[in-house]
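Report on one structure; see the data block that follows.
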Protein chains: 2
Amino acid sequence: MKNKPTIRDVAAKAGVSIATVSKFINATQRFTAPVERKIQAAIDELQYHSNPLARSMITGKTGSVGVAILDISNPHFTSMVKGANRVALEHGYNLLFVDTEENQAREDELLGALSRRVDGLIVSSRMPEEQMDRILAFGKPVVFSGRPAPAGVPSIGIDAYAAAYMIGELLVKQGHRNIAYLGFAPARPDMERMRGLSECLEAHGLSLARFEVRGPTLVEGERVCSSVILRKDKPDAVVCYNDMVAIGFMGVARSLGVSIPEDMSVVGVDNIAFGRFTSPALTTVDTQSERLGEEAMRLLIRQIAGENPPDIGHMMLEPRLVMRDSTAVRTPVPFPQATPPKARKR
Amino acid sequence: MKNKPTIRDVAAKAGVSIATVSKFINATQRFTAPVERKIQAAIDELQYHSNPLARSMITGKTGSVGVAILDISNPHFTSMVKGANRVALEHGYNLLFVDTEENQAREDELLGALSRRVDGLIVSSRMPEEQMDRILAFGKPVVFSGRPAPAGVPSIGIDAYAAAYMIGELLVKQGHRNIAYLGFAPARPDMERMRGLSECLEAHGLSLARFEVRGPTLVEGERVCSSVILRKDKPDAVVCYNDMVAIGFMGVARSLGVSIPEDMSVVGVDNIAFGRFTSPALTTVDTQSERLGEEAMRLLIRQIAGENPPDIGHMMLEPRLVMRDSTAVRTPVPFPQATPPKARKR
DNA sequence: TTTCCGCCGGAAAACGTTTACTGATGAAAA
DNA sequence: TTTTCATCAGTAAACGTTTTCCGGCGGAAA
């Protein structure tokens with residue numbers, strides 16, 4: 001009485017075999033009306049729900065997909081998850097998610113545990129290279145989302161290089177001459193952003209100052225702020241790894257008496273919803289977080305359905321500049337202070 | 001070669017029986033050194049990981065817990081999830097989560113699917129009353145978090161009444177006389193907030209204006225803003241269902257030329273991280289989101305471990321006022337405009 | 001009336017484990 | 001040397017399904 005009813009209970013109550021019940025439930029064969037009626041009645045009465053574990057054992061399908069994200073408290077990722085969740089649901093899949101920030105060391109273990117519980121995996125966390133083979137040995141379809149993927153693995157992301165270049169162009173055009181980047185070293189997506197930015201500046205004969213944050217978080221943005229503001233050659237614009245860093249940065253910048261954008265322009269990346277509500281509202285680059293999740297899930301589901309990975313390949317979303325109020329045009333200083341124009345070419 | 005190795009493969013390679021391998025893996029029995037060595041070698045070589053589904057079928061334990069949350073894009077919930085995730089991990093559980101906002105209609109179905117996949121469930125979404133019996137029939141331990149629970153089900157939450165009362169006291173003490181509440185009707189947690197606020201105001205001889213938002217979101221806060229600002233008898237303070245609503249509200253209030261807190265005070269509930277970065281910084285009540293998740297998970301795990309629900313019962317976290325800059329003291333208007341003092345007592 | 005075929009429903013194997021239960025082996029106790 | 005007993009390893013049943021195969025039944029065709 002206490003225990004969940006099994007298919008056997010239903011079969012007994014309906015007076016048919018378990019095979020018949022199974023086939024009825026899965027609509028894999030039709031039966032005569034009285035039989036179907038009896039089965040349905042038994043199911044209703046017992047409140048029977050088939051055991052997904054047992055089903056999965058047989059079919060090899062679980063009906064869930066895993067999502068490994070870096071940090072669930074970052075709105076960029078929650079948007080992604082929301083997008084992914086929506087299309088997963090549309091296709092009858094559930095989401096099983098792992099916040100890798102918390103785990104790190106246990107990631108390996110988690111992956112192992114996950115591998116039999118899901119039909120596929122979306123990896124959105126940055127991850128040490130050595131973990132890659134683990135992923136590739138995952139044995140199930142994998143899609144990388146918002147981060148560079150190893151060769152042969154379908155992936156989707158935004159063009160981080162283009163995004164950064166775009167920002168660079170904007171800032172230079174606005175007359176900024178002393179631009180700093182707040183990012184973190186080890187991750188490759190960061191490399192792309194930085195490369196785009198510095199190559200853009202180079203093209204304009206400028207160079208890029210660099211400050212390191214240890215993570216894409218509000219508190220890191222706050223932490224790093226004082227060092228960039230107290231720098232002897234204070235930048236007139238900072239571009240941040242993402243909106244979180246930017247928002248954190250702006251918060252303490254203001255409390256330190258630096259007014260944005262008058263004294264310094266700030267731009268972020270991601271276009272999280274809260275960027276509209278800071279003061280000043282944050283200029284940023286939209287990375288289409290939700291769409292990223294949606295497309296990643298579509299890619300994954302197509303793979304699960306058995307389509308050839310080769311013709312799926314890599315998908316690149318176009319970034320879009322979102323102009324708000326944290327950047328302002330400068331009357332550019334024609335040349336660095338106390339240095340004759342010629343010297344700049346040295 | 002393509003297929004995942006099974007325990008049988010390991011047993012064959014090690015030259016022992018599958019029972020021996022199983023017992024070795026689960027450390028449920030010791031074996032002689034050479035045997036253990038052979039098994040370990042076989043496992044390493046084959047990269048064997050036991051199939052959690054098959055294990056679950058036998059043991060009846062899944063090693064995962066489900067979390068049903070209302071809306072993953074609300075930082076309050078992500079904090080909760082983060083807390084829950086942390087202690088789940090500590091106890092060797094994984095998190096399986098469901099964003100009920102997206103589902104609504106399918107919630108029933110999801111619950112059914114979930115029930116065999118998890119060892120317990122944390123319910124944090126508001127949910128139609130009729131779903132309750134479904135939950136109670138879940139057959140696995142359930143904890144309600146941050147929302148009222150049916151009798152007999154362990155739960156944890158903050159004292160919403162106290163929180164609201166606290167806010168009321170603050171506003172009245174600051175000299176506000178025309179206070180409005182932005183909430184939504186059907187949910188019970190909302191009722192508690194509203195009751196606390198209105199009873200507090202009543203105690204001071206004031207009454208509460210009420211505006212309806214359709215959800216605890218930024219956009220709802222934005223949407224409702226104009227109607228409260230354009231109201232003939234414009235409130236001098238609004239308390240919002242949560243920080244999301246408050247932040248949205250403040251955003252459009254500013255763009256409509258209402259300056260906060262000079263023209264109007266605003267206070268939220270939850271103390272999400274972004275509240276520090278709006279301008280003005282948001283006065284709010286801390287609901288200990290992360291702790292809420294942690295404690296909910298502890299409660300759940302204790303239940304799963306077989307402790308008696310009765311002596312677990314209900315847990316209530318104390319709210320804490322977080323004073324920031326979106327509220328200001330008013331020089332109270334001694335009596336409503338154009339109305340003689342006596343009339344107020346009517 | 002016989003033959004054939006399509007439809008309905010059941011028997012049983014399989015999925016990959018865990019876990020009684022059972023034997024066998026050797027060492028310690030008698 | 002025999003008995004006892006703990007220790008080590010294996011056999012087989014069970015978990016709740018899906019799915020293949022197969023037999024039986026009835027009606028249509030001959």
Side-chain angles (χ1 to χ4, degrees), chain A residues 2-40 42-43 46-64 112-119 139-140, chain B residues 2-40 42-43 46-64 112-119 139-140:
Chain A
K2 206 76 188 267
N3 291 331
K4 287 259 176 182
T6 76
I7 196 174
R8 216 175 308 276
D9 301 325
V10 176
K13 173 151 281 187
V16 299
S17 79
I18 59 170
T20 304
V21 176
S22 172
K23 282 180 280 196
F24 172 73
I25 289 173
N26 299 0
T28 184
Q29 186 184 307
R30 296 304 308 259
F31 298 91
T32 55
V35 170
E36 297 202 339
R37 234 179 296 119
K38 276 191 300 180
I39 298 177
Q40 189 58 56
I43 289 177
L46 294 173
Q47 295 236 52
Y48 171 73
H49 283 90
S50 77
N51 184 330
L53 268 59
R55 188 209 302 280
S56 296
M57 280 213 51
I58 293 288
T59 61
K61 297 275 165 192
T62 67
S64 327
L114 222 52
S115 83
R116 309 297 181 86
R117 281 191 217 279
V118 299
D119 296 339
K140 298 273 177 67
Chain B
K2 208 73 188 271
N3 291 332
K4 287 259 177 183
T6 76
I7 197 174
R8 217 175 307 275
D9 301 325
V10 176
K13 172 150 281 186
V16 299
S17 79
I18 60 170
T20 304
V21 176
S22 172
K23 281 180 282 196
F24 172 74
I25 290 173
N26 299 2
T28 184
Q29 185 183 308
R30 296 305 308 260
F31 298 90
T32 55
V35 170
E36 298 202 338
R37 234 178 298 120
K38 277 190 302 179
I39 298 178
Q40 189 58 55
I43 290 177
L46 293 172
Q47 296 236 50
Y48 172 73
H49 283 90
S50 78
N51 185 329
L53 267 59
R55 187 208 303 279
S56 296
M57 279 212 51
I58 293 289
T59 62
K61 298 276 168 195
T62 67
S64 325
L114 223 51
S115 84
R116 310 297 181 86
R117 282 190 217 279
V118 299
D119 295 339
K140 299 274 176 65

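Sequence lines set the chain letters: A, B, ... in the order given, protein chains first and strands last, and positions in each chain run from 1.
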- Query: How bent is the helix from C:dT1-D:dA30 to C:dA30-D:dT1, comparing axes over its five end pairs at each side, to the nearest 10°?
  - Reply: 50°
- Could you tell me the separation between the CG atom of B:Leu53 and the P atom of C:dG16, rounded to a whole number of Å? 11 Å
- Give a yes or no on this: more than 12 heavy atoms of other residues, nucleotides or ligands lie within 6.0 Å of atom CD of A:Gln47. no
- Any B:Ser64 side-chain heavy atom under 4.5 Å of B:Asp119 side chain: no
- Which pairs pass side-chain hydrogen bond (donor to acceptor under 3.5 Å, both in side chains) with one or both residues in residues 9-19 of chain A, sequence neighbours excluded? A:Lys13-A:Glu45, A:Ser17-A:Thr20
- Expressed in angstrom and rounded to an integer, what is the separation of A:His49 atom NE2 from D:dT17 atom P? 12 Å
- Query: Rounding to a whole Å, what distance do you find between A:Phe31:CZ and C:dC7:P?
  - Reply: 14 Å
- Query: What integer distance in Å separates A:Asn51:CG from D:dT18:C1'?
  - Reply: 13 Å
- Message: Less than 4.0 angstrom between a side-chain N/O of B:Ser22 and OP1 or OP2 of C:dT18, yes or no?
- Response: yes
- Specify the separation, in whole Å, of atom CZ of A:Phe24 and atom C1' of D:dT17. 17 Å
- Query: In whole angstroms, how far is the P atom of C:dC15 from the NZ atom of A:Lys61?
  - Reply: 17 Å
- Query: Rounded to the nearest Å, what distance is computed from the CZ atom of residue B:Arg117 to the P atom of nucleotide D:dC15?
  - Reply: 21 Å
- The side chain of B:Lys23 lies closest to which of these nucleotides: D:dT18, D:dA9, D:dT20? D:dA9
- Item | Gap between atoms CG and C1', on A:Asn26 and D:dT18 respectively (whole Å) | 7 Å
- Taking atom types as they are modelled, is there a donor-acceptor pair under 3.5 Å from the base of C:dG16 to the side chain of B:Lys4? no
- Message: Looking only at side-chain N and O atoms, does B:Arg55 offer a donor or acceptor that is under 3.5 Å from a partner on B:Ser50?
- Response: yes
- Query: Starting at the 5' end of DNA chain C, which residue's closest nucleotide do you reach first, B:Ile58 or B:Gln29?
  - Reply: B:Ile58
- Task: Return the residues of residues 11-19 of chain A meeting this criterion: a heavy atom under 4.0 Å from some atom of DNA chain C. Order them by number, or give none.
- Result: A:Val16, A:Ser17, A:Ala19
- Message: Any heavy-atom pair between the side chains of B:Phe24 and B:Gln29 that's under 4.5 Å?
- Response: no
- Which of the following nucleotides, D:dT17, C:dG9, C:dT17, is nearest to the side chain of A:Arg55? D:dT17
- Query: Where each residue is assigned the nucleotide of DNA chain D containing its nearest heavy atom, which of B:Ala54 and B:Thr32 is assigned the position nearer the 5′ end?
  - Reply: B:Thr32
- Item | Among D:dA9, C:dC8, D:dT17, the nucleotide that comes nearest once only the side chain of A:Ile7 is considered | D:dT17
- Message: Walk me through whether B:Ile25 and B:Val10 qualify under side-chain contact (heavy atoms from CB on, under 4.5 Å).
- Response: CA-CA 11 Å; B:Ile25 290 173; B:Val10 176; over 6 Å; no
- Check whether any side-chain heavy atom of A:Val35 lies under 4.5 Å from a side-chain heavy atom of A:Val16, and answer yes or no. yes
- Item | Stepwise side-chain contact (heavy atoms from CB on, under 4.5 Å) check, A:Lys23 with A:Arg30 | CA-CA 8 Å; A:Lys23 282 180 280 196; A:Arg30 296 304 308 259; over 6 Å; no
- Query: If you pin B:Thr20 and A:Met57 to their nearest nucleotides in DNA chain C, which one's is more 5'?
  - Reply: A:Met57
- Minimum-distance pair of heavy atoms, taken over all atoms of A:Asn51 and B:Arg116: CB-NH1, 3.2 Å
- When every non-hydrogen atom of A:Thr62 is compared with those of A:Ser56, the smallest separation belongs to CA-OG, 3.5 Å
- Assign B:Arg8 to base, sugar-phosphate, or nothing according to its heavy-atom contacts below 4.0 angstrom with the strands shown. base
